[in-house]
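Every number for a ligand or one of its atoms is a count from 1 in the order of the listing. For the numbers below, each heavy atom of this structure counts, side chains included, while hydrogens, waters and symmetry mates do not.
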Amino acid sequence: MKFSKRISTRKALKMQSGKNVVLAGWVEKIKFLGKLSFITLRDREGKIQLTFLKKKFPDFEKIKNLTVESVVLVEGEVKKSKLKSGANEVVVSKMDILNKAKTPLPISIHDKNIETEFSKRLDNRFLDLRNSRNLAIFKIRQEIFSALREFFRKEDFIEVHTPKISESGAEGGATLFAFDYFNKKAYLSQSQQLYKQIMMAAGFEKVFEIGPSFRAEKSHTIRHVAEFSHLDVEMSFIDSYEDVFSVGERMLVYVLRKVKRECKNELRELGVKIDVPKLPFPRIKHSEAVDLLKKSGVKVKKGEELDLEKEKILGNIVKSKYKTDAYFISELPRKEGKFYWMMDKKVGFGGDLEYKGQEMFTGSQREHRYDVLVKQIKEKGMNPKDFKDYLMPFKYGMPPHGGFGLGVDRLTMMICGLGNIREGILFPRDTERLTP
Ligand code: 4AD
Ligand code: MG
């Protein structure tokens with residue numbers, strides 16, 4: 001038996017009776033009867049029943065020894081099964097046990113009646129990921145990444161890759177991971193922010209990057225992790241942050257359409273339906289959002305940063321008022337704006353894209369005037385000297401520009417309808433977790 005002859009279970013399910021096939025995969029179920037036995041064999045593409053007849057399979061006792069989740073290689077003949085579904089089965093003539101799984105398994109993977117605690121599932125992630133639901137999540141995740149790349153290439157953006165080791169942070173000191181870098185203090189990148197802006201001075205005009213960002217988020221939430229996949233976008237010669245929002249809303253619609261079209265089986269597996277929101281998305285000023293919340297009886301002050309709970313309630317209010325899952329909260333209070341934002345005395349020229357009551361991205365027009373930028377850095381209690389290499393380009397021809405940063409794991413979470421961002425990350429990192 002050779003792997004080169006191997007076909008997928010999916011293909012075997014569609015074949016004509018009588019064909020000889022080689023299959024390999026994991027043993028999901030074993031039913032050992034007197035002269036007849038059954039195994040459910042699983043590979044990435046699906047499952048098929050293997051049938052063993054004592055008279056056709058000389059090594060019949062081998063099956064008694066087999067354990068679930070072992071890896072086997074088999075050869076046999078395709079037959080219509082007597083199952084109600086009438087699906088194909090394979091009557092096995094040869095079987096190699098390639099790797100016998102120990103028993104008991106650390107976690108139960110396929111039994112829908114047994115709910116394994118999430119942290120225990122993450123401890124045994126390689127097993128947890130064998131569940132078809134998880135495979136569906138990561139196939140959708142792949143489609144989201146590919147749709148994002150496709151969209152920005154079509155829109156004439158250039159894909160870039162900026163350093164993940166840096167001298168200064170961009171998104172606030174509290175979440176910086178510091179470490180020793182050849183006797184100097186360095187930080188893991190919190191966002192591509194400073195570099196993508198430098199790329200505007202470099203004349204690239206429109207850039208995007210999808211890469212990891214690192215934040216020492218000390219609080220435990222369903223939507224924050226210490227390492228996440230960050231899409232960062234920056235574009236020059238914009239009239240206002242509206243140009244940034246316009247790219248952002250078209251991007252979301254593009255991704256949702258593509259996932260809806262390409263991932264029908266996976267969405268069905270997850271029990272998720274995608275409603276693609278209509279363009280343009282409503283723009284709700286932060287002050288209006290506060291009024292909407294107040295009207296619904298929520299205690300909230302003008303200029304207050306909306307926490308997770310309030311953001312969710314706002315999502316429901318907007319859904320019933322505007323019949324949409326996607327909208328912008330614009331003109332965030334000045335104190336919420338970062339030093340690199342363009343803002344007036346009261347508000348920042350930007351805001352958040354919200355999807356189903358969760359922040360997907362924050363974006364803005366940037367401050368491209370050197371003197372104002374320096375003033376804003378000082379205002380935030382930081383030292384312009386720490387931003388020397390970032391500031392320099394602003395003195396030598398920096399065009400007006402803006403952009404946004406989107407959490408791709410968070411988008412995956414919302415599209416897949418997951419209860420926790422960690423479900424859509426292979427090996428999540430947070431305060432408690434550095435392994436596996
Ligand atoms: O809102 P943030 O902090 O904005 C920036 O990084 C700016 N540089 C963006 C800009 O261009 N103005 O982060 C952007 C997005 C958030 O909206 C969120 O989706 C995601 O990144 N994000 C996280 N995702 C998972 N875990 C975390 N700890 C995250 N922190 C931010
Ligand atoms: Mg934000």
- Query: Just heavy atoms, cut-off under 4.0 Å: does E234 contact ligand 1 by side chain, backbone, both, or neither?
  - Reply: neither
- Is it the side chain, the backbone, both or neither of E227 that has a heavy atom closer than 4.0 Å to ligand 1? neither
Atoms of ligand 1 close to [X] [distance to a heavy atom under 4.0 angstrom, numbered from 1]:
{"X": "I421", "result": "25 (C)"}
{"X": "R215", "result": "2 (P), 3 (O), 5 (C), 6 (O), 13 (O), 30 (N), 31 (C)"}
{"X": "F404", "result": "10 (C), 11 (O)"}
{"X": "H224", "result": "26 (N), 27 (C), 28 (N)"}
{"X": "S191", "result": "6 (O), 8 (N)"}
{"X": "G407", "result": "15 (C), 18 (C), 19 (O), 20 (C), 21 (O)"}
{"X": "Y340", "result": "7 (C), 8 (N), 12 (N)"}

- For the atom pair CZ (F145) and OG (S229), what is the distance rounded to the nearest 0.5 Å? 4.0 Å
- Separation between CD (E367) and CD1 (I377), nearest 0.5 Å, reads 10.5 Å
For the aromatic rings, using the six-membered ring if either is Trp, is the centroid distance between [X] and [Y] under 6.0 Å?
{"X": "F387", "Y": "F339", "answer": "yes"}
{"X": "F281", "Y": "Y327", "answer": "no"}
{"X": "Y370", "Y": "F394", "answer": "no"}

Heavy-atom gap [X] to ligand 1 smaller than 4.0 Å:
{"X": "R366", "result": "yes"}
{"X": "Q192", "result": "no"}
{"X": "Q190", "result": "no"}

Nearest-contact summary for [atom] - protein heavy atom, Å:
{"atom": "atom 19 (O) of ligand 1", "answer": "M360 O, 2.9 Å"}
{"atom": "atom 16 (C) of ligand 1", "answer": "E359 OE2, 3.3 Å"}
{"atom": "atom 14 (C) of ligand 1", "answer": "G405 O, 3.1 Å"}
{"atom": "atom 1 (O) of ligand 1", "answer": "T362 OG1, 2.9 Å"}
{"atom": "atom 26 (N) of ligand 1", "answer": "V225 N, 3.1 Å"}

- Query: Would one find an N or O of E217, backbone or side chain, under 3.5 Å from an N or O of ligand 1?
  - Reply: yes
- Message: Would you say E89 and Q49 are linked by a side-chain donor-acceptor pair, where the criterion is simply a distance under 3.5 Å?
- Response: yes
- Compare all side-chain heavy atoms of M200 with those of E205 and state whether any distance is below 4.5 angstrom. no
- Item | Atom NZ of K285 with >12 non-hydrogen neighbours under 6.0 angstrom | no
- Message: Does E288, at its CD atom, have more than 12 non-hydrogen atoms belonging to other residues, nucleotides or ligands within less than 6.0 Å?
- Response: yes
- Task: Return the name of the atom in E359, of element N, O or S, nearest to the Mg ion (ligand 2).
- Result: OE2
- Query: Can any side-chain N or O of R429 pair as donor or acceptor with the backbone N or O of V225 at less than 3.5 Å?
  - Reply: no
- Message: Any salt bridge linking K164 with E209? Criterion: basic side-chain nitrogen under 4.0 Å from a carboxylate oxygen.
- Response: yes
- Item | Check ion pair R42-E69 (N to O, under 4.0 angstrom) | yes
- Nearest to atom 29 (C) of ligand 1 by heavy atom, F228, F214, F361: which? F228
